[in-house]
Protein chains: 2
Amino acid sequence: MTVMVDGLHPAASELRLVKVLAALADPARLAMVRTLARNGESPCTQLQDAAGLTIGKSTFSHHQKVLREAGVIQARIQGQQRILTVRRDDLDACFPGLFEVVLDAPEKLIGTKRSD
Amino acid sequence: MTVMVDGLHPAASELRLVKVLAALADPARLAMVRTLARNGESPCTQLQDAAGLTIGKSTFSHHQKVLREAGVIQARIQGQQRILTVRRDDLDACFPGLFEVVLDAPEKLIGTKRSD
DNA sequence: TCGATAGTTCGACAAACGACGTACAGTTCG
DNA sequence: CGAACTGTACGTCGTTTGTCGAACTATCGA
């Protein structure tokens, strides 16, 4: 069975650019979002693996929460796992073009640290 | 006379998405960039006034530096003032569409705090 | 029921960040 | 020269952020 996790996701009308940018302005989170967008919806563990993140699971959970609260991704409970999805429709509606930029940027231009 | 301030600006090939996003993920800096883009090049004091920022001048200088080091804006010395400009060509070349998104976003969707 | 799997929550800690005031430096003008 | 103007650099303070490990919750399967 599939259950939506509400109250944790902001409505589309609640998205704010500053918060979305802040959520994306981290190497780990950017990798999560880009990988998720390319691979389609994934459970947390699978995404963490696919994104090549070497962080602990509690840290991953934290980043996932930041992205969720910014409205960038969505989580839905299916069995014992959370299936994550990019909220592309809402992002495109609010900030048209933003997601495409983030997705299309070549790996070389991403940057590995907040300061480099 | 006009003198370019070099060594302080990253080359176009040095721009990194994470750093650009981090630079833009602040209400004050976002206001600076958006105002600067609309008003064209401006000296610091004039920009701070036009952007309606109530922060101290040293804080403004700090934000200006963050934007400069991320490659978002450029400074050139003219007389006793620094003329600031958005590096739109370089941004468009590296992350096509990004700047347009940031510029076109309606004020309502910007957000006033990093966390709201 | 027991154990494995999948994530969350909590508390701690170091590092980074934003804001401030003061002092400083370069330019222009009297 | 000296004062006014424009912005930078430095040190500090309090808050936020990223990371971790350990404890906890919930679901599924044997």
Side-chain angles (χ1 to χ4, degrees), chain A residues 1-3 5 7-9 18-19 21-32 41-51 53-70 73-84 111-116, chain B residues 1-9 18-19 21-32 36 41-51 53-70 73-85 111-116:
Chain A
M1 187 185 162
T2 289
V3 181
V5 185
L8 304 166
H9 302 96
V18 164
K19 219 175 174 199
L21 291 177
L24 296 174
D26 176 276
R29 292 194 293 260
L30 202 46
M32 287 170 64
E41 57 178 27
S42 318
C44 296
T45 310
Q46 181 180 313
L47 175 60
Q48 174 165 5
D49 188 46
L53 298 174
T54 61
I55 57 183
K57 64 176 180 176
S58 63
T59 302
F60 182 92
S61 183
H62 162 68
H63 285 313
Q64 186 259 121
K65 186 180 183 182
V66 172
L67 287 170
R68 203 170 3 100
E69 290 178 348
I73 67 175
Q74 210 172 21
R76 133 178 74 89
I77 296 178
Q78 187 171 12
Q80 52 194 348
Q81 44 196 13
R82 261 81 171 158
I83 309 292
L84 304 180
T112 57
K113 298 177 184 176
R114 204 175 284 273
S115 43
D116 55 273
Chain B
M1 186 186 165
T2 288
V3 180
M4 273 298 300
V5 184
D6 263 333
L8 304 166
H9 303 96
V18 164
K19 218 173 174 201
L21 291 176
L24 296 174
D26 177 276
R29 292 194 293 260
L30 202 46
M32 287 169 66
L36 188 57
E41 56 179 28
S42 318
C44 295
T45 310
Q46 181 180 312
L47 175 59
Q48 175 165 4
D49 188 46
L53 297 174
T54 59
I55 57 182
K57 66 175 179 176
S58 63
T59 301
F60 182 92
S61 183
H62 161 69
H63 285 313
Q64 186 260 121
K65 186 179 183 184
V66 172
L67 287 170
R68 207 175 354 108
E69 291 178 347
I73 67 174
Q74 209 172 23
R76 134 178 73 90
I77 296 178
Q78 187 170 15
Q80 53 192 347
Q81 43 197 14
R82 262 80 171 158
I83 310 292
L84 305 180
T85 325
T112 56
K113 299 177 183 176
R114 201 176 285 273
S115 43
D116 55 273

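Letters A, B, ... mirror the listed sequences (proteins, then strands); counts begin at 1.
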Problem set entry | side-chain contact (heavy atoms from CB on, under 4.5 Å) between Arg76(A) and Glu41(A), worked out | CA-CA 10 Å; Arg76(A) 133 178 74 89; Glu41(A) 57 178 27; 2.3 Å; yes
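For the OP1/OP2 pair of dT19(D) and a distance below 4.0 Å, the side-chain nitrogens and oxygens of His63(A) include at least one atom meeting the criterion.
Looking at residues two or more places apart in sequence or on another chain, you find a side chain to side chain donor-acceptor pair (under 3.5 Å) between His63(A) and Arg29(A). Under the side-chain contact (heavy atoms from CB on, under 4.5 Å) criterion, Gln46(A) pairs with Ser42(A), Pro43(A), not counting sequence neighbours. Scored by the side-chain contact (heavy atoms from CB on, under 4.5 Å) test, Lys65(B) finds Arg68(B), Glu69(B) as partners (sequence neighbours excluded).
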Using atom names, set out every protein N or O paired with an N or O of nucleotides 12-14 of chain C below 3.5 Å, distance rounded to 0.1 Å.
none

When you compare the protein's N or O atoms with those of nucleotides 21-23 of chain D, which come within less than 3.5 Å of each other, and at what distance?
residue, atom, partner, partner atom, Å
dG21(D), N7, Ser58(A), OG, 3.3
dG21(D), O6, Ser58(A), OG, 3.0

Write down the protein N/O and nucleotide N/O pairs, taken from nucleotides 1-5 of chain C, whose separation is under 3.5 Å; answer none if there are no such pairs.
residue, atom, partner, partner atom, Å
dT5(C), O2, Gln80(A), OE1, 3.2

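Which of dG18(C), dG18(D), dT8(D) sits closest to the side chain of Asp26(A) comes down to dG18(D). The side chain of Ser61(A) lies closest to dT9(C) when the candidates are dG18(C), dT9(C), dG7(D). When each of dG7(C), dG18(C), dG18(D) is scored by its nearest atom to the side-chain atoms of Pro43(A), the top-ranked nucleotide is dG7(C). Of the candidates dA19(C), dG7(C), dT8(C), the closest approach to any side-chain atom of Arg68(A) belongs to dT8(C). With dA9(D), dG7(D), dT9(C) as the candidates, the nucleotide lying closest to the side chain of Lys65(B) is dA9(D).
Between the CE atom of Met32(B) and the C1' atom of dG18(C) there is a distance of 13 Å, given to the nearest Å. Rounding to whole angstrom units, CZ of residue Arg29(A) and C1' of dT16(D) are separated by 12 Å. Across the protein-nucleic acid pair, Ile77(A) atom CD1 and dT27(D) atom P stand 8 Å apart, rounded to whole Å. The nearest whole Å value for the distance from the CG atom in Leu30(B) to the C1' atom in dG18(C) is 16 Å. Atom-to-atom, NZ of Lys113(B) to C1' of dT15(D) comes out at 13 Å; the value is rounded to the nearest Å. Rounded to an integer number of Å, the gap from CD1 of Ile55(B) to C1' of dG18(C) is 9 Å. Summarising the geometry, the separation between CD on Gln64(A) and C1' on dG7(C) is reported as 8 Å, rounded to the nearest angstrom. Regarding Arg82(A), its CZ atom lies at a distance of 14 Å from the P atom of dT25(D), rounded to whole Å.
Atom CD of Gln48(A) is separated from atom OG1 of Thr59(A) by 8.5 Å, given to the nearest 0.5 angstrom. Taking NZ of Lys19(A) as the reference point, atom CG of Leu67(A) lies at 11.0 Å (rounded to 0.5 Å). The CG atom of Leu30(B) sits 6.5 Å away from the CG atom of Leu21(A) when rounded to the nearest 0.5 Å.
For residues 44-51 of chain A, proximity to DNA chain C is found at Cys44(A), Thr45(A), defined as any non-hydrogen atom under 4.0 angstrom from a strand atom.
Residues Ala31(B) and Ala51(B) come closest through the heavy atom pair O-CB, 4.1 Å.
Under the 4.5 Å side-chain criterion, counting only non-hydrogen atoms from C-beta, Met32(A) is in contact with Leu47(A). Taking 4.5 Å as the limit, every side-chain heavy atom of Thr45(B) sits out of range of all side-chain heavy atoms of Gln81(B).
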